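Note that the structure is a prediction, hence the values are computed from the model and not measured. All values below come from the heavy atoms of this structure, side chains included, with hydrogens, waters and symmetry mates left out.
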Amino acid sequence: MMIKFFLRVFFLCVVSALALPSYAQSGAGADPRSLIDALSKADFGEAEKLIGQLAATGDARLVPALNAFSEGDLYFRKSDNLVFIGKSAGSNYELIDPVTGASAGQAAKNAVTKIKINNSLRRVIRSAMGGLTLLSPDRGVRLQAADAVLRSPSAENLELLETAISKETDGEVKARMVEARAVSLLSSDRSVDEKRAAIQTIKNYGGRNAIGILMGASASLDPSLKADVDAAIASIESGQRLWDIGQNVWYGVSLGSVLLLAAIGLAITFGVMGIINMAHGEMVMLGAYSTFVVQQVIRDSAPGLFDWSLAIALPVAFLVTGAVGFVIERGVIRFLYGRPLETLLATWGVSLILQQTIRSIFGPTNQEVGNPSWMSGSFPVGGMTITWNRMWIIAFSLSIFVALLVVMKKSSFGLNMRAVTQNRRMASSMGIKTPWVDAFTFALGSGIAGIAGVALSQIDNVSPNLGQSYIIDSFMVVVFGGVGNLWGTLVGALSLGVLNKFLEPSVGAVLGKILVLVLIILFIQKRPRGLFALKGRAVEA
Amino acid sequence: MTFKSKLGGALLAAVMSTTALQGAFAADDTIKIGVLHSLSGTMAISETTLKDVMLMLVAEQNKKGGVLGKKLEAVVVDPASDWPLFAEKARQLISKDKVAAVFGCWTSSSRKSVLPVFEELNSILFYPVQYEGEESSRNIFYTGAAPNQQAIPAVDYLAKEEGVKRWVLAGTDYVYPQTTNKILKAYLMSKGVAESDIMINYTPFGHSDWQTIVSDIKKFGSAGKKTAVVSTINGDANVPFYKELGNQGIKAEDIPVVAFSVGEEELAGLDTKPLVGHLAAWNYFQSVDADVNAEFIKEWKAFTKNDKRVTNDPMEAAYIGFNAWVKAVEAAGTTNTDAVLDSIIGVSVPNLSGGTSTVMPNHHITKPVLIGEIQADGQFDIVQETAPVVGDEWSDYLPDSKNLISDWRKPMSCGNFNVASGKCGGKGS
Amino acid sequence: MLTVNNVNLHYGAAQALRGVSIHADMGKITCVLGRNGVGKSSLLRAVTGQHPVSAGTISFQGEVLNGLAPYNRAKHGIGYVPQGREIFPLLTVQENLESGYAPLARKDKFIPDEIFSLFPVLKSMLGRRGGDLSGGQQQQLAIGRAMVTRPKILVLDEPTEGIQPSIIKDIGRAIRYLRDSTGMAILLVEQYLDFCRELADQVYIMDRGEIVHEGAAETLDTAEARRHLTV
Amino acid sequence: MISGFVFRALEGRIVAAVGILLAIGILVPALNLLTPPDSALHIPTYVMSLFGKYLCYALLALALDLVWGYCGILSLGHGAFFALGGYAMGMYLMRQIGSRGVYGNPILPDFMVFLNWKELPWFWYGFDWFVFAMVMVLVVPGLLAFVFGWFAFRSRVNGVYLSIITQAMTYALLLAFFRNDMGFGGNNGLTDFKDILGFSVQADGTRAVLFFMSALMLSLCLILASAIVRSKFGKVLVGVRDAESRVRFLGFRVENIKLFTFVVSAMMAGIAGALFVPQVGIINPGEFAPANSIEVVVWTAVGGRGTLIGPIIGAILVNGGKSFFTGAFPEIWLFALGGLFIAVTLFLPKGIVGTIQHGFKARKALKAAAEAEKGRGGTETVAQAQAAE
């Protein structure tokens, strides 16, 4: 993302530098090259001033240098204290002139020193770059520039913004610039009336950020504007309140979908087959590790495919955990049908062994599983923020649910599976190969836990303990929803998720979780077979 | 006699004979040291590394000829993240294996669990992890950071360099964050921060759904004042927390997060690109530019045969503790606990950030505080380094501990001397 | 032809069958009578493979069945209607019937129309859960379900138990129809003498795990047969 | 009548077991205290406290066996009762520290001082009095078991459901006790004890007495459990385990039978916890972890559920093995432990003692089942094979 942006800016600036030489030369007196070189000896405070001076040149050729500075790619050569943009090239750095963009040869890594940067400097750079790129011919760059100014407003950019607004033709960019201008105006020395209008603009812009801007500015504003600010804040907040509820529901649904993911494999192995499968969490963990291995292979051999890594990991995880599940069923569980409470002991042993195996192979520490770009970041919906990864996880867990439902209800395997769990002996006499069905049912449940692990690797850490943190929640969901009923698992997961998220703001995360557990215990007293208990003559038969 | 009695008798005999056997094995030409770190269970993720470091240090020392002309032998046990088991294993190491000193523990609970054992059996524990302070035992050396060696300088940095005026203190609900946040709150308020500008939030262990809290932080941060998060979130919960921060688009330039439990090892499990600029405060970073550090990293990678293994602060603390012990033993000429306790105070050994660390009379050590910003490669870029700070066992910002000091030199020999009353023993009344 | 030759069967230390030998011809209804607990159901368990035999052989159409799992015997054409029906309670009627597809070749995976002509009530209840049917309906479903597997021998364990007389008639009609139209063998275990006498071509009487009488249906009225059947 | 109750309990095997326990209870401390450290017969203190710990675990396993082995209630939350008993004892021990804490505060425990508590919370009142604390050791777990059981058994929550909600119970308590605001020391728990009844907890003499007490309490509880099991009530209990609805139809109030057993068992677990704490020197929320409770189930299963001696042997064996393996093979001991669980469930479904008692019948049944599985009979399960016997 940033690299792409960097390249684009870089290219454009070279172009604009060629196209508009007069503008480029027309900055303030200071020579940009010597300003940049001064960075080699500057502390953070001095660097801040230097950046201000660089911004004041208005020289758009400086954008790549500033960008490199903010990314930590600016170096000075120890021999002559000249500053360059450095790019790693094997054991050397490829040096690039910060102003002209021309190559300046290579230097050994220990011949140059990185110029230190911190958050305050990054903020200043962001603002400076915003100013420098507001007039860029590229719409995307201008939009980003307006955003940058909006986030780090300063009165110095005001006139530039006004120039940019007058030239702007694109509606969205213009709107953003108008907002940025309003924000910048609050800290300028413009008239009270202009500021009043700016407050209105910000109010219409709305959202949490607007409240922050107004509250931040209110202290330094003329006292006569205080009423306007308060009214604007109140109005934004009242609009925000409903969105907040919506946001909370969203969080609840998203937590619920995670619970659903974690529990859905268990709904098969425990809910349908009646095995108290304490190794379920480890299946999730194996799925997450499969994702890690797939990403590792992709990183090493085909980095271009990284965005596809999850899609590749899904079948891999399904097959790996399914196969492990198959082995566990054939090796251990098949001897224990009819003794559900003892399956607990054996699978507990299995879970210890799986954990230790993974620990021995991969080590006890977290492994890095990256987010593909389409799962990173967020987008606004009205006053809510929706993060892409949560959004995909909800979609993913619902589609697994639907797929499983279809397999159970529509396929002949699903029919055999249900027949075997309801009456194993009779199913065998109907010609159903019961051992085969048992093994593949368990493998299916395990495989689904595995693909849940692929999704969970995106939000949680991938370590040998991953499974342990989900096992209790999973059992709660299945029992709360009603054993043997997939719909119960769905409704159970979602309602527990939403309940949790509505308790959390008022009582805190810890008490919230305790309360949910207590409520489940009480609920089971009321309905001993869970939310979606199977009813009617059929159950007793 | 039933089979039961035979079984019981056999069992007892077996236990006794293994004891006798192992006792006989303890050859006289080695000095044993205990390594008490969880290799399984929830804490294995952090502690296993420290076990490896200890084995490496012992191997290095033996290459240099051991200690007092004898080879060192590390006795490794697994307390399995189970706190009572820590006490049992500590007792076993001291009584059965007769180790000269023990290096171990990570969580405060495990340290609290073994503390009475070390005091009772008069042995030495080197504790290598940053902790909440408020403790000073005659038999324990705290080579990790006390709150004043980590939290307070970090807050100072944010207030000064980033102009932070509003603070979120987010932590896992256990003793270290609770205490640290109490100290920080008192400290911030003493610096003139209004109570309404401090938000404290606790989450359970292993919390993985951070959506609400991150959005609360965002909300709290949109009050027009520069806001920062001081994170005492522990262990595994950090990864989902940072992932959520990244996804909700909280950039370090807007709301920086400074963490005290996130080091190179934790970042190894994360894609750090969205986190560039968030901070951590430690006494050591792998990126420290010092020859001794480069050497250490090289040895570590060679020892673990893994080029990707990182180093971190508790490893440095283990390194300092081990070297201080070696130096003290050589000064005392014996591994006898009392002699070592006397000789170790004032011992200075090189630390990995290029300076030296000295063992102080309060059984804490001096070390510089480093503030680092997270980089895209999972390393830290050091933005500030202080002069060496003495670990403060009794915080000056808690009402009941501000009058206490600890000095284990004779004749005071007291871990909780009250300077107001002039007596040893807390209130001293 | 099903041949049971000198079969013993144990439940742990208890012996349930002692040297039992019977045969059931194709196109014939063979009926095994006996009081409660004399080993009738054990005999059927041995035939269907639900319990291993400890001695003797069981063969069907010349193939030895010993050691085959129930699902393999189903593939060999043994259809089973167990005591108490054992309908899959949570499957619909349709699904109960379809559970018989397992041993079939792909082209045979359909429900024969004759099932619905014999038991029209099933057709109207296809969507109901098996467990929600009445006892008589379940019995009809159980027979229908066994028919889906296209058995060459149908093994029925007390199909009249707890069923109202009108449905017993329907079931009798169905059994006779199956014998006549398909030529399959039918092995029927009963306590209900009249039902047996009406249907059977060949009868056996069991007592204490042994066959004590063998003959045509008419021989049931002999004094010797009655002695074995009265309580 | 009471003498009859006790007399029935003292069947041969139990008498022998009690005898051995008491002998160990006297012999081990004696060897520890009276022999010189270099003598071949000397038992080091750490071995004694290790064994003392095992005895507490054995009592916990016995408590679980009473509800699981005899009443069919698989509790996955017995660790909670153990921990509550432990906390009651821990609170007493904390109060005995008095002003010897690091802050020298005569009223507040250290962890309250540095978290700025101003006064002692009400639920700490009375715990400086030993008798009160001992009553609480019984009452708190008993009360929790009563309330929990009263709801659960009345609404006929049973089988797997009951197991899962007992797990939810202990998990909720785990989270609650982790909270520092609860006033139980948060995750550090209660530690650094000094005295019990005026004797230093670290003195060898005190340890010896605690060890003896553990053996004694285990013996007493064994006799009590045996008496319960062998009484008429015990027969009904087994009836509830094997055929609950039939017992209900016979006119017994099954929920009351279960409730009584559950409460008794919880109290035993509480005693075990109370004896555990001074011997290991710490009680913290880790004891509430669901995994701990599952381990108790494993000990019981290994030893043999439904036998009174089995759980005791199971607890000692598994923990002894754990102590040994975590020291000898720290990297791979989980494989051994996990393998043990699997092996016991597969090959010794009745546990060690159960298998010996039933003269390898169980193994035969498994063989039959395995053969059945191979294809002769096809689908017979072990349970059915056993039921058929």
Undergrad: Pick one of side chain, backbone, both or neither for A/Ser412, based on which atoms fall under 4.5 Å of a heavy atom in chain C.
TA: neither
Undergrad: Evaluate side-chain contact (heavy atoms from CB on, under 4.5 Å) for A/Met426 paired with C/Arg145, printing each intermediate quantity in order.
TA: CA-CA 11 Å; A/Met426 193 56 223; C/Arg145 183 178 63 175; 3.3 Å; yes
Undergrad: May I ask you to test the A/Arg425-C/Pro70 pair for a side-chain heavy-atom distance under 4.5 Å?
TA: no
Undergrad: In this structure, are over 12 heavy atoms from other groups packed under 6.0 Å from A/Lys409 atom NZ?
TA: no
Undergrad: If every non-hydrogen atom of A/Ser429 is compared with every non-hydrogen atom of C/Tyr80, which pair is closest and at what distance?
TA: OG-CD2, 3.5 Å
Undergrad: Would you call C/Tyr71 and A/Ile432 a side-chain contact if the rule is heavy atoms closer than 4.5 Å?
TA: no
Undergrad: For C/Ser99, is it the side chain, the backbone, both or neither that has a heavy atom under 4.5 Å from a heavy atom of chain A?
TA: both
Undergrad: Using a 4.5 Å cut-off on heavy atoms from C-beta on, say whether the side chain of C/Leu91 contacts that of A/Gln422.
TA: yes
Undergrad: Check each atom of C/Tyr101 against the heavy atoms of chain A and say whether the ones under 4.5 Å are side chain, backbone, both or neither.
TA: neither
Undergrad: Can you confirm whether C/Glu98 sits close enough to A/Met430 that some side-chain heavy atom of one is under 4.5 Å from a side-chain heavy atom of the other?
TA: no
Undergrad: Between C/Lys109, C/Arg85, C/Glu95, C/Lys75, which residue shows the highest count of heavy-atom pairs closer than 4.5 Å to chain A?
TA: C/Glu95
